*Asks:* 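Would you mind keeping the following structure in view while I ask a few things?
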Amino acid sequence: GFDLQVQSGSTLTLTSGATLNADTLRVNGGVLNTNIDLSFPTGVEFELSGGGTLNILNGTTFSIGVFDTSNIQGGTVNLPAGSILDITADVATIGTGVTLIKDGQFSNVPGQEHQIGALTVQSGGVVTHSSRLLAGLVLDVTGTLDVQSGGLVDLNSRGLLGGNAGSVGGTNGETYNASDMVVSGAGSGFSIGAGASYGGQGANGEGVTNGSYGLVEDARHLGSGGGASTRNGDVGGAGGGRATIMAGSLMLNGTLRANGFSGSGNNNPAASGAGSGGGIRLDVGGFSGTGQLQVLGGNGLPGGSLGPSGSGSGGRVAVHYDSLSFPVANISARGGNAGKVGAAGTIYLKDNAQTNGDLIIDNGGIISGLITPLRTALSAFRSLKVRGNQNLQVASSVVPALSLADLLIDGGSSRITVPRRDINGLRINIANCLELQNDGRIFVEDGLGGGGTVGNNFGNDGETLASDCVTPVGGSTGA
């Protein structure tokens with residue numbers, strides 16, 4: 001038997017300076033809060049079962065010989081930032097009914113803080129991070145990260161906060177500014193909140209969505225939160241979380257997801273906006289399996305007589321790999337598809353042996369009418385695919401000239417456009433193949449403005465270019 005048992009309904013808190021005079025300990029349905037270092041050298045001296053909770057608090061170290069289904073049988077292991085879970089075997093198995101909340105570390109060795117030899121997430125097991133953790137989930141698996149069928153790396157709604165949910169924006173959702181500071185984002189409304197943006201545009205409500213942010217090649221942000229409906233104090237949906245995963249190999253037969261959450265509301269007439277999808281970056285050797293990889297925008301709500309609330313946009317996925325057999329069709333970054341629909345996020349796939357990567361913009365066949373702005377520090381891609389009824393906007397201020405080996409635009413509402421009044425226009429150099437399928441289009445009709453149009457600085461006169469072919473000046477006169 002065990003020297004000490006923490007049974008269901010009971011809590012044992014080991015405060016700083018305390019001493020545990022027990023060689024063996026079972027947490028069976030109860031809660032263990034440890035503020036002191038604990039060590040169980042073989043692992044059989046400790047058991048977590050019956051839905052119990054182990055909280056490793058205040059920068060302490062919990063050392064254990066093995067961490068698998070023999071001793072971690074059921075419950076939650078909460079590892080806050082700064083605390084350490086030191087596993088002697090250098091291998092962890094997250095079994096059925098076990099949740100690992102990993103904000104902290106596996107090691108205190110500089111440069112190896114998040115390193116472990118192998119990690120398996122079995123069916124019914126969950127790995128996640130806590131809400132609004134800016135660093136997100138960080139894993140450095142030197143061997144194989146095996147997410148088995150039914151296993152879940154679940155970062156849904158773990159991102160920035162929605163309006164009325166503790167947001168720095170009050171009733172507005174949270175987002176990032178250009179300096180990566182968390183600021184007020186998607187706008188609230190008395191009845192209808194805006195959906196949040198990340199990889200693409202979220203849908204407006206009575207308030208306006210935030211701007212897109214981040215880069216396609218480096219998915220390193222949390223998703224943004226949706227705007228609230230203030231009518232009944234409803235809450236905007238949180239954004240998806242963030243994962244930064246390095247692995248010798250990744251076998252994904254379960255699900256790795258960082259989806260945005262829907263807002264709340266009674267739908268008649270009020271509804272809050274949804275959060276955007278989050279960010280997932282993978283740096284792996286082999287990437288295999290048949291599971292799901294998702295950064296979906298949260299769904300807007302119907303909203304009743306005053307109209308629907310805004311869905312969030314899709315987030316960002318960036319995969320840097322040595323070999324890839326995982327089906328690309330199982331990677332999704334679409335916007336929310338209810339209420340006012342959101343735009344797609346971005347999927348970037350980079351073979352480490354190649355100079356350039358592949359970029360996919362795909363809204364899963366859902367027509368949003370919103371844009372996915374190309375945000376990147378790159379000027380070249382091996383291929384670009386715009387499909388699933390999404391509009392990719394390429395600004396010359398971001399990419400003066402885009403170089404591609406292959407370009408595919410597939411679908412009647414799939415297109416590449418430029419911002420209105422983009423003086424330098426769209427420049428694309430295609431080395432191999434341009435395919436426009438099923439009425440896919442390159443659409444550059446929004447040039448200089450006519451008299452009286454928004455953005456025209458010349459009143460009722462039309463706009464044209466001066467002799468330098470750069471400066472807009474007044475053109476055709478109007479009354």
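Predicted model only: the values in this text are computed from it and were never measured.
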*Asks:* Is D218 paired with R281 through a side-chain N to carboxylate O contact shorter than 4.0 Å?
*Replies:* yes

*Asks:* Measure across P373 and G200 and return the closest heavy-atom pair with its distance rounded to 0.1 Å.
*Replies:*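 Answer, listing the atom of P373 first, then G200: CD-CA, 4.2 Å.
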
*Asks:* Might you point out which heavy atoms bring V98 and Q73 nearest each other, and give the distance in Å?
*Replies:*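 Smallest heavy-atom distance, with atoms named: CG2-C, 3.9 Å.
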
*Asks:* Rounded at 0.5 Å granularity, tell me how far CG in L38 sits from OG1 in T60.
*Replies:* 7.5 Å

*Asks:* Would K385 pass as a cation-pi partner of F381, given that its NZ or CZ must be under 6.0 Å from the six-membered ring centre and within 45 degrees of the axis?
*Replies:*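 No cation-pi geometry.
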
*Asks:* Hey, do the aromatic rings of F326 and F287 have their centres closer than 6.0 Å?
*Replies:*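 Yes, ring centres under 6.0 Å apart.
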
*Asks:* Assess, by modelled atom type and distance only, whether the side chains of S49 and N28 contain a donor and an acceptor separated by less than 3.5 Å.
*Replies:* yes

*Asks:* Taking side-chain hydrogen bond (donor to acceptor under 3.5 Å, both in side chains) as the definition, give me every residue that meets it alongside T376, ordered by chain and number, with sequence neighbours left out.
*Replies:*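 Once residues adjacent in sequence are excluded, the partners of T376 under the side-chain hydrogen bond (donor to acceptor under 3.5 Å, both in side chains) criterion are E217.
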
*Asks:* Would you say the rings of F2 and F46 are close, in the sense that their centroids are separated by under 6.0 Å?
*Replies:* no

*Asks:* Could you work out, with side-chain hydrogen bond (donor to acceptor under 3.5 Å, both in side chains) as the rule, every residue matching R257, not counting sequence neighbours?
*Replies:*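 Per chain and number, R257 pairs via side-chain hydrogen bond (donor to acceptor under 3.5 Å, both in side chains) with D154.
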
*Asks:* With ring pair (Phe, Tyr, Trp, His ring centres under 6.0 Å) as the test, would you mind laying out the steps for Y213 and H221 before giving the verdict?
*Replies:* CA-CA 9 Å; Y213 53 93; H221 294 90; 5.4 Å; yes

*Asks:* Would you indicate whether F261, at its atom CZ, is surrounded by more than 12 heavy atoms from other residues, nucleotides or ligands within a distance under 6.0 Å?
*Replies:* no

*Asks:* Do K340 and P308 touch side chain to side chain, with heavy atoms closer than 4.5 Å?
*Replies:* yes

*Asks:* Can you name the nearest heavy-atom pair linking S131 to G159, along with the distance?
*Replies:*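 Between these two residues, the closest heavy atoms are OG-O, 4.4 Å.
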
*Asks:* If I take atom CG from residue N259 and atom OG from residue S157, how far apart are they, to the nearest 0.5 angstrom?
*Replies:* 9.0 Å

*Asks:* Between N352 and Y321, is there a donor-acceptor pair closer than 3.5 Å when you use the side chain of the first and the backbone of the second?
*Replies:*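 Side chain of N352 to backbone of Y321: a pair is present.
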
*Asks:* Can you name the side-chain hydrogen bond (donor to acceptor under 3.5 Å, both in side chains) partners of D362, sequence neighbours left out?
*Replies:* R387

*Asks:* For a quick check under 3.5 Å, do S130 and D103 share a side-chain donor-acceptor pair by atom type?
*Replies:*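 Yes - a donor-acceptor pair under 3.5 Å links their side chains.
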
*Asks:* If we ignore hydrogens and angles and just use 3.5 Å, is the side chain of N210 paired with the main-chain N or O of T175 as donor and acceptor?
*Replies:*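 No, because the side chain of N210 does not come within donor-acceptor range (under 3.5 Å) of the backbone of T175.
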
*Asks:* Do H129 and I101 have side-chain heavy atoms sitting under 4.5 Å apart?
*Replies:* no

*Asks:* Looking at every non-hydrogen atom in both residues, tell me the closest pair between G335 and I366 and how far apart they are.
*Replies:*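 Here G335 and I366 meet closest at O-CD1, 4.4 Å.
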
